[in-house]
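Okay, structure first, notes after.
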Amino acid sequence: MCALKKLKLLLVMLALCALMVCAVLLGSVYAPVVGPCREIEELWAIEDERMESGAPLVTALENHGVPLAYDEQANTFYCTLGLEHGEEWPDIHLTAPGARGVTVCFADDYGYDWCDEAIREGYAYQLMAYTEDEYAYFDIVFTGLPIISISTQAEITTEDSPVQAAISDGDEGLKSFGRIHTRGGSTLSAEKMGYRLEFTRRADGSRKVSQQVPGFGIADDIILLACASDGTKMRDRLSWDMYAMVTAEDESFGRRRTAYAELFIDGQYEGIYLMVEPIDCEEELAKAGEGHLFTDSVYRTAVLSLSRDRMYYAHPMGDNSGYELYYAFESGHEFDHLFPYLELVTQENDEAFCQKALACVDLDSALRYVLLVQAGGMTDNVFNNMYMWACSTPQGMMYRFAPWDMDLTWGAKKEDIGQQFENWMHFPVIDRMINLDAGGVMREKLADTWAWMKEAAFNEENLERLIARYAHELGDSGAMARDAERWQTQMYDPDGYDIISFAAVRFMLLDYAVDAIVRAEGEPVKFLAESGYGEKGGSMLDTLAEMFRDGNLL
């Protein structure tokens, strides 16, 4: 029995040795642990005994097994720790995978600083790497935002390119194959590009797969908004967060997840990006029930000169505007569901217009959307960047509305909406329904919807709370200063004052405007009707002043 036990033990040991050999042959990674800070005299002694290397000795670093982003030009690693540690440092365990024969240690002791201060100020701490013959220094910076690091095989264009993605947020990490392409309309010509990143099972970019994205949640793809035209980096996120507060959690074409991140592409720092959950039309229709995939269509308003590869239908009254096809219930009938809506646009008889509009426009969706556009001064979300969902219901086809790409908002383009920010954002079909008080319900329903939206989200207290949160994430993470340095924007500190001051005017003006619409008791309201198609709308301020002067609001 004893000999048999010894034989079994020997076989187990041989098997373990074989596994170790296989691991080495198959590419096991040697990962020296980064040691604590050395005394300056020790570092000098290492320098005296070796030659300084002309190339980095460490080009990969991990914290608790989560890969760090690397800026090759600055020879600096970026490690995300989150923002809630205060003065105390979390446990940091750095290793250098693949650095064979290399010893690594800190040359600066980050423990002398407070964690939140080091992250906020973007302190760079020096480390030393050395072999028997050479030594080299490199830096590490700690940040508070999630980090996305993309490695490409070719230039990123509007066509999909295979990539490898590493995303980290504190102790959470993801490494995945994927594919990426640039996205946007007019922003395609911007220096700081926007992207769509999709996760895949294979290195060639095939077989899309869902992943647990650190700092974001489960997703099979994410939009990376550059926020290049918005110095505050807040407007898109604010719009989506406000919209989420007035939509149900499982609503089709409703709320989108958002989160800030810092992006690296092929070893170059690209700055702050906003991760946004894309709209997948099939998934959104499926939320309403699987049958809608066979009965419904989805269109998006667009500037046709910026339209690329989608089918589109030109607007009958528009100049360079139209409707892009995003989903059709049946091939060969792509725009069948759009035509009844276009009949509303061209219908001259008011009574016929009201009858047809009440039959096919979802009032809750329409009024919520038009008030979202008015409250945020959204100059780009009616004739562009508006989803129209042609939804099949037992009562017939109904049109519902949802936003996308809400960057030109909250005073971003003041010159487009009047010097005093007083213009009503013109939405021809819905404005006409309100002005005609279709069914005798539109004006009162508008007032009720605005009262509910104000209580739920569109008030100054809520807006200031959100702005303060964004400022904390952007500023206390150190990311805002890095982005300003990268793109020379001069916006080193987050500042949402312009948004708050704009919203204060818009909210107050909208209160007066909605009240004026209701109290006009069926009479036409000038700012709802005075603008031509495609214009930004009439002046609420001028109309209100005229109504006060005539005694209509006394």
* To do: Enter the distance from Ile150:CD1 to Leu224:CG here, rounded to the nearest 0.5 Å.
  => 7.0 Å
* Asked: Does the side-chain contact (heavy atoms from CB on, under 4.5 Å) test come out yes or no for Leu372 and Val246, once each step is laid out?
  -> CA-CA 10 Å; Leu372 169 73; Val246 294; 5.9 Å; no
* Please determine if Arg183 and Asp405 form a salt bridge, counting it only when a charged side-chain N lies under 4.0 Å from a carboxylate O. => yes
* Salt bridge check: are Glu270 and Arg486 linked by an N-O gap of less than 4.0 Å? -> yes
* Asked: Among Leu358, Leu344, Thr346, whose side-chain contact (heavy atoms from CB on, under 4.5 Å) with Phe353 holds?
  -> Leu344
* Asked: Say you draw a straight line from CG of Leu474 to CE of Met234; how long is it, rounded to the nearest 0.5 Å?
  -> 5.5 Å
* Assess whether atom NZ of Lys175 is packed by more than 12 heavy atoms of other residues, nucleotides or ligands within 6.0 Å. => no
* Structure fact -> Interatomic distance, CE@Met242 vs CG@Leu466, rounded to 0.5 Å, equals 6.5 Å
* **Residue list, side chain to side chain donor-acceptor pair (under 3.5 Å) with Asp431, at least two apart or on another chain** => Trp424, His426
* Please step through salt bridge (Lys or Arg N to Asp or Glu O under 4.0 Å) for the pair Asp350 and Arg432, ending with a clear verdict. => CA-CA 9 Å; Asp350 287 343; Arg432 188 178 178 189; 2.8 Å; yes
* Asked: Are the charged groups of Arg256 and Glu284 less than 4.0 angstrom apart, N to O?
  -> yes
* Ring centres under 6.0 angstrom apart (Tyr313, Phe339) -> yes
* **Donor-acceptor contact present, side-chain Asn320 to main-chain Val303, <3.5 Å** => no
* Check the angle between the aromatic planes of Phe427 and Phe401 and answer parallel, tilted or perpendicular using the 30° and 60° thresholds. => perpendicular
* Arg469/Glu473 under salt bridge (Lys or Arg N to Asp or Glu O under 4.0 Å): CA gap, chis, key distance, verdict -> CA-CA 6 Å; Arg469 191 179 97 199; Glu473 294 182 25; 3.7 Å; yes
* **Closest contact, heavy atoms only, Asn423 versus Met540** => O-CE, 3.7 Å
* Asked: Which of these, Asp380, Asp230, Asp498, Asp241, sits in a salt bridge (charged side-chain N to carboxylate O under 4.0 Å, His left out) with Arg235?
  -> Asp230
* **Charged N-O contact under 4.0 Å between Asp364 and Arg368** => no
* To do: Check the pair Met442 / Leu363 against side-chain contact (heavy atoms from CB on, under 4.5 Å), numbers first and verdict last.
  => CA-CA 8 Å; Met442 285 297 293; Leu363 299 188; 3.6 Å; yes
